[in-house]
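Atoms considered below: every heavy atom in the structure, side chains included; atoms not considered: hydrogens, waters and symmetry mates.
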Amino acid sequence: MKRIFLTWLSALLMLSMLTSTAKAEGGTVQVRIAGFPVKVNGQIINNKQVAYPFIVYKDITYVPLNWDLIQEFELDVDWSEQEGLKVYRTCCATSYGKYPALEKSGLTQNPTTTNSLTRSYSAKVASYPIQIWGHQIDNGQEPYPFLEFRNVTYMPLTWKFAHMALMMDLQWSSEEGLAIWSGQDAVMRQIVYDDAEALYIDAGRGTGGMLVMLKVDKTFQTHPVWLDPPQADAIRVKAKQAAETQASEGKSVVIQRDGDNLSYAGLSLGPVHDDDKINMGGTTLQIEGTLYDIDSRRKLLAVYSYFPLPVKGPPPHSRYQLFAIIDGSVRKVSNYPYKPQRVLKNNDGTVWIARDLMPFRDVYYGGSGLLALMDPEGNIRLANEVWNEQDVSPVGLESPTGNAADRDGRMVVRLYGKSFKEEKSVMYRPRGPRQMPIDPFDADKDGFYEVTPELKLKRLAKAPDQQDDLKLYRDSQGDIYTIHRYSNMLTNWTKNRTKTWTDLELLK
């Protein structure tokens, strides 16, 4: 309690300085009180009567950075005459914020004012220096600048500031208005299994880090149910067994090397790469083969070569080569330089050759998300080239309860809107806030698509933000789910259905 009181006292003094000395000298603009419902962590804001209501400027909602909301959002705000305003978040070492949910005071509101929802009010463009988690904001050039209203700084709830920088989840619907989630304990962690009625989610019950499990009705109509440890263990056993059944890994085979030439079972695979004709660090080139036996006429062979040096990440000169063996003849697949993750046979004789993005530390290898289609005659087309996509992520390759493709060959893929090209760019995986897109991409193309063996695309839904890097789960009915990064928000992207529970709802 002493720590919380001191934090409250220092923040109160800081905010007093901010509101009394940081007088904006920028231009005056007209704003309106938000006339739609606004919820903060599930609690409706009384915009008609609170002294610092949410306001709207140029169709963007603004949040007041007053004491009560800063505490509820678990944000940090510093002010000084020299450096101005700094907004950031002290967090992220664990799945919990400053204060565990069960120890946190609820949001208090003081309805002492009468605000009109039909008239406009004057606000000022903030002219003092502003930083968002270390990034200096040129407020005069921002299309939605920070404002000052009733001597309190107001922040625009743009995706760039609120979500990407300050780790807030924003949710809008015409029926329920705006919902803001911030400072929530990450109770829901990862979907591990499902059946016809429910999802089973690894979940954290407390600060000790112990994982238990929630059973969540797929309709999102009933409250999640906690399973006891034996029930959770039984579900995990089912998930492991189902995943082993779904896996279609190829079998290891021996690749022969005769001088500089490689072969498999008497079939020539060509010479080793010029860079590999050396002795590196006292080691020699290692060569491994993986065979995917499709049918009596068609096989795939992935050849992996590398120098076995003790390094982090891929060994030096490591490379994959893919070969199709059709009626005993070898065809090199030059545009598929990775090992397939799954090889999926369809009823019409076509075969999907699929793999998701390959991660390494905080990045993905550009061009590693690959989808190819083999026709009944053994001809292979790369979907990435057909759709002009650097990376394609087939959804559900590791799903424990269902195949990634239906028997008629329909599959759901994630496209990212990055053009296919010879020199691959790197897709950065976000590990926290402040990570912004590196390469330009077509935001209109970024999304989920159903694809057929004719390589025809049908848009299904908008995908999660690329930088969120959410783990996608494909259930036994083919629906795609995610758990959001900054709230206990569960989304069924296939059916466009979302439900969010507060951390308190789940933990009590």
Side-chain angles (χ1 to χ4, degrees), residues 243-311 313-346 349-360 365 367-384 394 397-398 404-405 424:
E244 291 171 349
T245 301
Q246 286 295 327
S248 58
E249 299 290 340
K251 64 179 181 179
S252 296
V253 295
V254 176
I255 304 298
Q256 290 84 25
R257 178 176 179 177
D258 183 9
D260 291 334
N261 295 310
L262 303 180
S263 64
Y264 162 71
L267 298 172
S268 176
L269 303 177
V272 297
H273 197 276
D274 288 342
D275 293 342
D276 300 335
K277 300 175 184 179
I278 59 175
N279 181 299
M280 179 175 286
T283 67
T284 57
L285 187 70
Q286 301 295 301
I287 304 171
E288 300 172 356
T290 304
L291 185 70
Y292 304 86
D293 202 344
I294 298 171
D295 54 34
S296 60
R297 295 183 54 241
R298 300 175 297 171
K299 296 176 175 59
L300 276 174
L301 177 65
V303 177
Y304 179 45
S305 57
Y306 63 98
F307 286 95
L309 293 173
V311 297
H317 293 196
S318 60
R319 60 174 51 85
Y320 275 104
Q321 299 178 78
L322 188 64
F323 301 89
I325 303 175
I326 311 299
D327 293 325
S329 298
V330 176
R331 307 175 189 175
K332 186 172 182 178
V333 186
S334 59
N335 55 2
Y336 205 107
Y338 287 90
K339 180 181 178 181
Q341 196 171 344
R342 297 292 301 275
V343 175
L344 306 167
K345 305 176 188 178
N346 303 322
T350 59
V351 179
W352 290 115
I353 307 167
R355 68 155 299 106
D356 203 351
L357 291 162
M358 178 180 287
F360 171 58
Y365 288 105
S368 62
L370 295 169
L371 182 65
L373 185 76
M374 176 187 284
D375 69 17
E377 301 306 314
N379 302 303
I380 295 176
R381 286 195 295 166
L382 185 65
N384 301 60
L397 292 181
E398 297 182 349
K424 310 300 183 186

Which value, rounded to the nearest 0.5 Å, describes the distance between [X] atom [atom1] and [Y] atom [atom2]?
X	Y	atom1	atom2	result
K332	I380	NZ	CD1	13.5 Å
I325	L291	CD1	CG	6.0 Å
E377	R297	CD	CZ	5.0 Å
L285	D275	CG	CG	10.5 Å
T350	M374	OG1	CE	10.5 Å

Checklist entry - Around atom CD of E398, are there more than 12 heavy atoms of other residues, nucleotides or ligands at under 6.0 Å? => result no
Next on the checklist: Looking at M358, is its backbone amide N or carbonyl O close enough to the side chain of S368 to form a donor-acceptor pair, meaning the two atoms are under 3.5 Å apart?
Outcome noted: yes
Item to check | Short side-chain to backbone donor-acceptor contact, N261 and S268, under 3.5 Å | outcome: no
Checklist entry - With a 4.5 Å heavy-atom cut-off, do D276 and R319 have their side chains touching? => result yes
Item to check | Close side-chain approach of S263 and Q256, heavy atoms under 4.5 Å | outcome: yes
Next on the checklist: Run Y264 and L269 through side chain to side chain contact (heavy atoms under 4.5 Å, CB included) and show every step you take.
Outcome noted: CA-CA 7 Å; Y264 162 71; L269 303 177; 4.1 Å; yes
Item to check | For Y292, the option from R342, K251, K339 that meets side-chain contact (heavy atoms from CB on, under 4.5 Å) | outcome: K339
Which atom pairs, donor and acceptor, lie under 3.5 Å between side-chain atoms of residues 298-305 and protein residues at least two apart or in another chain?
| residue | atom | partner | partner atom | Å |
| --- | --- | --- | --- | --- |
| R298 | NE | D295 | OD2 | 2.9 |
| R298 | NH1 | G349 | O | 2.8 |
| R298 | NH1 | D375 | O | 3.0 |
| R298 | NH2 | D295 | OD2 | 2.8 |
| R298 | NH2 | G349 | O | 3.0 |

